Amino acid sequence: MPRDEINWKPSPGTSTDQPRQVRRILKLFKPYRARLAVVGLLVGAASLVTVATPFLLKETLDVAIPQGRTGLLSLLALGMILSAVLTSIFGVLQTLISTTVGQRVMHDLRTAVYGRLQRMSLAFFTRTRTGEVQSRIANDIGGMQATVTSTATSLVSNLTSVVATIIAMIALDWRLTVVSLLLLPVFVWISRRVGNERKKIATQRQKQMAVMAATVTESLSVSGILLGRTMGRSDSLTQSFSEESEGLVDLEVRSNMAGRWRMAVISIVMAAMPAVIYWTAGIALQAGGPDVSIGTIVAFVSLQQGLFRPAVSLLSTGVQIQTSLALFARIFEYLDLPIDITERENPVHLDSIKGEVAFQDVEFRYESNDKRRAILDGIDITVPAGNSLAIVGPTGAGKSTLGYLVPRLYDVTGGRVTLDGVDVRDLDFDTLARAVGVVSQETYLFHATVADNLRFAKPDATDEELYAAARAAQIHEHIAGLPDGYDTVVGERGHRFSGGEKQRLAIARTILRDPPVLILDEATSALDNRTEAAVQDAIDALSANRTTLTIAHRLSTVRSADQIVVLDSGHVAERGTHEELLELDGRYAALVRRDAQLEPTS
C-alpha cells in the first residue's frame with residue numbers, strides 16, 4: 001500500500017474529530033476498491049435473491065396450492081430452493097473476498113505502524129515502554145480484525161438488504177410497512193447511545209492491556225526474571241500483575257454488558273412484531289378494512305423477519321464500529337507521531353568515505369529539557385580520517401549523546417556535525433549506515449543463531465567472512481568449540497554467553513559491516529580486567545585504520561588516543577593527548593588518579 005495512503009500528516013483533532021477519522025478509515029480500503037466493488041455486486045445479487053423468496057411464497061399460498069396447479073407449485077418450490085443455493089454461494093464468495101481485503105488492510109496498518117516506529121529517533125524509545133509499543137501493534141490492530149474483515153461487508157450487505165426489503169414490503173402492503181417501521185428510529189437512537197458507551201470503555205480497556213503487555217515484557221524477560229528473583233520480588237510482581245488483570249476483567253465485563261439490556265429490549269420488540277402484524281391484519285379485516293390475502297400476510301411477515309435480522313445486525317455493527325473507532329484512534333496516534341529525524345528531499349550520497357568527523361559549534365537539548373541548560377553546548381572538535389578521539393568525563397556530561405549525534409540517533413539542535421565535510425543531516429541514510437558503526441556497553445543479540453546475529457550486519461556474508469570477522473574479534477575459537485558451532489542459538493538477549501563473549505560477538509558483527517567510522521560507547525566498562533583486556537584486543541583490531549570515537553569511563557582504554565576531550569556539564573573542559581593532559585594537572589589528571597585508586601591491588 002502506498003505510504004501516503006496511511007501516513008497522513010498530523011493534524012489537530014485527528015483522534016477526536018469523528019467524521020475525519022471515519023474518512024481516514026475509509027481511505028485505508030481505497031487500494032482495494034475493485035475487490036470491494038465485486039463484493040458489492042455479490043451483496044446486491046444476494047439481496048435480490050433473498051427478497052424474491054417471500055414473493056414466491058405468496059404465489060404458492062395464494063395461487064398454486066388453492067388452485068391445485070402442480071406444475072406452478074413445482075416451479076415455485078424449485079425457485080425457493082435455487083434462491084437458498086444462490087444465497088449460500090454468494091455468501092461464501094463475499095466472505096472470501098471481504099476477509100482477504102480486511103486482512104490486507106490489517107497488514108498495511110501493522111506494516112505502517114512498524115515502519116513509522118523504525119523511523120523514530122532514539123529519544124522516543126527512551127521515554128516509551130516496549131510493552132506499550134507491542135500492545136499497539138498486537139492488541140490494538142488485532143482488536144480491529146472483526147471490523148476490517150467483516151464489518152464493512154456486513155454494513156453494505158445489511159444496508160442493501162434493508163433497502164430492498166422495505167421496497168418489497170411497500171410493494172406488498174404500504175400500511176403494514178408503516179406499522180413495522182414505527183419503532184426503527186428509536187432503535188437507532190438506542191444503538192448510538194450503546195456505541196458511545198462501549199467506545200469509552202474500549203479506550204480504557206486497550207490502555208489497561210498496554211499496561212499489562214508492558215509488565216509482561218519487562219518482568220518476564222531474562223533480565224526481569226533475574227532481577228525479580230534476586231530481589232525477592234517474584235510474589236509482589238505476581239500480585240501486581242493480578243491486580244492489573246483484575247482491572248481488565250472489570251473492563252471486559254463492562255464492555256460486554258454495556259447496553260446489553262437495551263439491545264435485548266430491541267430484540268424482544270422485533271421478535272414480537274409478527275404477532276403485531278397478524279393482530280393488525282385481523283383487526284383491520286373485522287373492522288371492514290381492505291382485504292389482505294393469507295399469502296400476502298405470510299409473505300409480509302417473512303419479509304419483516306428478513307428486515308429485522310439485517311436491521312438488528314446494522315445496529316450491532318454500528319455499536320461495533322463505535323467501539324473500533326477507539327482502537328483506530330490509538331493506531332492513528334502512532335501513525336501521526338512526528339518524525340524528527342528525516343532524510344532530505346535530495347540527500348547527498350557518498351560512494352567513497354574517508355571518515356573525517358567534525359563537530360562545529362554543536363548544541364543539543366532534549367525536548368523536555370530545561371531550555372536554560374543544554375546537554376551539549378558550543379562543542380568544536382575535529383577528528384581527521386583514521387584518527388582516534390576519546391571522550392571522557394563524569395556521568396551526565398553528555399559523552400554518549402555527543403557520540404550518538406554522528407549516526408543521527410539524535411539530531412543537533414544547534415551547530416552541525418559533518419562527515420567528510422558534509423553535514424550528516426544532508427547525507428542519505430544508506431551512506432550513514434555504511435559509514436558509522438556503533439559498539440555500546442549494552443550489547444543486543446537476537447534470539448537466533450550466532451551466524452544469524454553476525455549476518456544482521458551483512459546478510460550476504462559468506463561463512464569465510466563470518467569466520468574472519470570472528471577471528472579478528474577473538475571469538476572464533478570459542479564459537480567453533482560449541483556443539484552447534486555457528487548454528488548455536490544465543491538465547492534471549494544473548495544470555496547463553498558471558499558479557500565479554502557478547503561484546504566480542506558485537507565487535508565481530510561490526511567488523512563484518514566494516515564501517516570507516518567507529519563509535520565505541522563504554523564498550524568495556526562493565527567487564528572485569530581480564531575480560532576487558534581480551535575485548536580490548538578485539539577492539540584494537542576493529543579500530544585499526546578507522547576513525548574511532550571512544551566514549552569511556554575507564555581511562556585505561558584511551559591513553560593511546562590521538563586526542564582526548566574532557567566533557568563537563570556539556571562543555572569541553574580540556575583537550576589534548578594523555579601526556580599533555582597529565583601535565584596540565586586538571587580534570588583529566590584527577591580522573592586518572594581516581595582510576596588508579598580504584599584499581600585492585602594484587
Side-chain angles (χ1 to χ4, degrees), residues 1-8 21-53 79-115 137-168 191 195 303 305-328 331-332 335:
M1 187 174 186
R3 181 179 296 173
D4 59 359
E5 291 292 344
I6 294 182
N7 292 335
W8 287 25
Q21 190 175 346
V22 170
R23 289 195 298 271
R24 188 170 184 182
I25 293 169
L26 292 176
K27 195 165 186 176
L28 296 174
F29 293 87
K30 186 178 178 181
Y32 310 103
R33 52 187 178 272
R35 298 187 201 181
L36 291 175
V38 174
V39 172
L41 291 174
L42 290 171
V43 166
S47 298
L48 290 175
V49 171
T50 302
V51 168
T53 301
M80 285 187 273
I81 293 171
L82 182 60
S83 173
V85 171
L86 289 175
T87 300
S88 298
I89 293 173
F90 292 154
V92 171
L93 293 174
Q94 170 188 318
T95 301
L96 172 63
I97 298 173
S98 61
T99 301
T100 302
V101 169
Q103 289 300 327
R104 296 305 306 175
V105 169
M106 288 185 66
H107 161 74
D108 293 339
L109 278 172
R110 281 193 296 265
T111 305
V113 172
Y114 186 85
I137 294 176
N139 295 331
D140 291 357
I141 295 180
M144 296 186 301
Q145 178 162 322
T147 301
V148 299
T149 57
S150 61
T151 300
T153 305
S154 176
L155 185 66
V156 174
S157 176
N158 291 320
L159 190 59
T160 305
S161 295
V162 167
V163 172
T165 303
I166 290 175
I167 292 172
S191 69
L303 280 172
Q305 290 301 296
L307 169 67
F308 287 154
R309 277 192 298 272
V312 170
S313 183
L314 267 178
L315 297 178
S316 299
T317 299
V319 171
Q320 190 175 16
I321 289 174
Q322 287 287 94
T323 304
S324 297
L325 287 176
L327 305 184
F328 275 110
I331 295 302
F332 290 153
L335 291 177

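Just so you know, these numbers come straight off a predicted model, no measurement behind them.
Taking all atoms of both residues into account, the shortest heavy-atom contact from F90 to A45 is CE1-CB, 3.7 Å. In terms of heavy-atom proximity, L335 sits nearest to L109 at CD1-CD2, 4.2 Å.
Atoms CE and CD1, from M106 and I331 in turn, are 9.5 Å apart once rounded to the nearest 0.5 Å. Here the CD-OG1 distance, from Q94 to T87, works out to 10.5 Å after rounding to the nearest 0.5 Å. In this structure, the separation between CG on L42 and OG1 on T95 is 10.0 Å, given to the nearest 0.5 Å. One finds the CD1 atom of I97 at 9.0 Å from the CG atom of L36 (value rounded to the nearest 0.5 Å).
Within the 3.5 Å criterion, the main-chain N or O of D108 finds no donor-acceptor partner in the side chain of T111. Judged by distance alone, with hydrogens and angles left aside, the side-chain atoms of R35 form no donor-acceptor pair with the main-chain N or O of Y32 at under 3.5 Å.
A 4.5 Å side-chain heavy-atom check between V49 and L82 finds every atom pair outside the cut-off. Side-chain contact between L93 and V39 is absent, with no heavy-atom pair separated by less than 4.5 Å.
Both the sub-6.0 Å distance and the 45° axial angle are not jointly satisfied by R24 relative to the ring of F328.
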